[in-house]
Enquirer: 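Just passing along the structure, written as structure tokens.
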Amino acid sequence: MSGISRRRFLAGSIAGCAATTLCGTQKALAAGSFTGYPEGMGVLVDLTRCIGCRSCEAACNKEQNLPAPAKPFDDMSVFDERFHGGTQMRRPDENAYTVVNRYEPEGGGKPVYRKVQCNHCNEPACLTSCFVNAYTKTQEGAVVYNPKICVGCRNCMIACPFNIPGYSYSSAFNPVVKKCIFCHETRLKNGRPPACVEICPQQALTFGKRKDMIKIAHQRILNEPGRYVDHLYGEKELGGTGWMYLSSVAFEQVGFDTTTGNEPIIANVKDFLGTVPMVLAIWPALFTGFHLLAKRKDGHGHDDDHAGDHSAAHGEEEDKS
Amino acid sequence: MRPTLLLHTLGIALIGLLCAASVVAAAPTGGPGQVKLDRLASLFDAVSFDHAAHVEIAGDCASCHHHTTGDGAGGGRCARCHAQSPKSTVVACRDCHDADPFSAVQLERKADDRWQYHVDKPGLKAAYHWNCLGCHENSGGPTGCEDCHTRNAAGDAFYKSGAFAPKAAASASHH
Ligand code: SF4
Ligand code: SF4
């Protein structure tokens, strides 16, 4: 629901901006027919294996040189934290590219833990919505961004159906979006598994080619039908995601949006984006739009929760490009 | 795939920890008495696993050592292919469960694996934890990370705990 409203709003605002400047040039968007790299890597997250140890969070913090957390990574009281009037659990932000949340399944039983991070969509909405082309879907399957190009417009934050990109206010002159990059720079592109996958004591995270992850997931369901819901979340949703999920309980019970449909968001915005030229002339109009977008977003309560008040200045992400 | 499933379905499974770095002393059962597990030594002190005591509890080698000592490849899905297989000569976990299941080399090897049931075989760390935790949960054994693993200073730094715990109050008053 929120995805759809955001999407419509995004599409509408971009169309509006484009109309005010009326450019004839069509920006060639390869994204329109892009269906992901067939040999790209993926991660199969098996919620039935996760024990909520938060080691993955610690590993990510170290690997990505993120600022110190508000609480130690062995402090399990974070599972009780709620935001936005008690409705929202922790979410990844610019200081933590991944978080683990705990859910008490309906009807009792053991708690279920769910790791949250960028899902590395086959057809990323962030990439499509980015008008300066800061985002790239790499052939290894990662959705990465170039902080040098990012102008901090936050369009991607609104476009993302999973509310993933966080926003760094650390520098007024270089505000950038930040999120899980699949450890692309330090690991993925060198053929190594992400830090979070490597540390996991339970192999709740299985790493390999996305197409192999799909096979393995269905094999697990087939072999233990009583253990799993018969669905691989992310195989089809929104055109498919690089990170996919198996669960023992209904996905909506553990915080997944099961209303996304299988159409990539790109299908909703590409027509509009195709008419947006990359010229300075339209920036004022765009920024007006973004301001409205930001306000609208706040009103809907979709903004990232900067839990724990990470107000201390933190280092810029190292620029490796 | 098969060993994965076997591990899970065998709720009774105990500790397949023979795979460790060093066997400290022999037990009367023929198995080792103590086994030192130091794969996670970068963050935790080595675990001294009391194999002899667990032999007493489990009673049957095959509770942990599927496909190896004990009763051979019995049970569930393994038996579909392995009912007639001879007992394996492999005993140590690490001889089948890879310490680096997702390295490029391992992924390549799995891509060529025509025994497709085995492509989802758990790595060494998962084999340990599933076996230990699975049984400890069912039998009321300790299940906390530090019940078995004593964290060292590097571990404290990694988890931002102990001496490395964030000084939240101090930084808040700073502003
Ligand atoms: S893939 Fe890398 S950046 Fe993403 S959550 Fe895991 S450790 Fe963090
Ligand atoms: S490291 Fe693995 S078991 Fe621990 S919280 Fe993360 S996904 Fe779950």
Enquirer: Under 4.5 Å heavy-atom distance to chain B, tell me which part of A:N190 shows up: side chain, backbone, both or neither.
Expert: neither

Enquirer: Between B:H54 and B:F49, is the ring centroid distance below 6.0 Å?
Expert: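 Ring centres of B:F49 and B:H54 closer than 6.0 Å.
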
Enquirer: Going by distance alone, is a donor N or O of one side chain under 3.5 Å from an acceptor N or O of the other, for B:T143 and B:E137?
Expert: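 No.
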
Enquirer: Go through A:C200, A:G191, A:P72, A:S55 and name the one with the most non-hydrogen pairs under 4.5 angstrom from chain B.
Expert: A:P72

Enquirer: With only heavy atoms counted, which part of A:L222 is less than 4.5 Å from chain B, the side chain, the backbone, both or neither?
Expert: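 The answer is neither part of A:L222.
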
Enquirer: A cation-pi test, strictly: NZ or CZ of A:R114 under 6.0 Å from the centre of the six-membered ring of A:F256 and no more than 45 degrees from its axis. Yes or no?
Expert: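 Yes, a cation-pi geometry.
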
Enquirer: Side chains of A:S77 and A:K71: donor-acceptor distance under 3.5 Å anywhere?
Expert: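 Yes, side-chain donor-acceptor contact under 3.5 Å.
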
Enquirer: Less than 4.5 Å to any heavy atom of chain A: does that hold for the side chain of B:Q106, its backbone, both, or neither?
Expert: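 Looking at B:Q106, nothing touches chain A.
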
Enquirer: In terms of heavy-atom proximity below 4.5 Å to chain A, should B:L133 be classed as side chain, backbone, both, or neither?
Expert: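 Contact with chain A is through the side chain of B:L133 alone.
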
Enquirer: If I take atom CG from residue A:D212 and atom CG from residue B:D120, how far apart are they, to the nearest 0.5 angstrom?
Expert: 10.5 Å

Enquirer: Side chains of A:R220 and A:T48: do they bring a donor and an acceptor to under 3.5 Å?
Expert: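 No pair is found: no donor N or O on one side chain lies under 3.5 Å from an acceptor on the other.
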
Enquirer: Side chain, backbone, both or neither: which part of A:D74 has a heavy atom under 4.5 Å from chain B?
Expert: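 For A:D74, heavy atoms of backbone and side chain both lie under 4.5 Å from chain B.
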
Enquirer: For the pair A:K179 (side chain) and A:V143 (backbone), establish whether a donor and an acceptor sit closer than 3.5 Å, ignoring hydrogens and angles.
Expert: yes

Enquirer: Please look at A:L44 and chain B and tell me whether the side chain, the backbone, both or neither of the residue comes under 4.5 angstrom of a heavy atom of that chain.
Expert: neither

Enquirer: Side chain, backbone, both or neither: which part of A:A59 has a non-hydrogen atom closer than 4.5 Å to chain B?
Expert: both

Enquirer: Less than 4.5 Å to any heavy atom of chain B: does that hold for the side chain of A:M41, its backbone, both, or neither?
Expert: side chain

Enquirer: Under a 4.5 Å heavy-atom cut-off, does chain B meet the side chain of A:E198, its backbone, both or neither?
Expert: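 For A:E198, backbone heavy atoms alone lie under 4.5 Å from chain B.
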
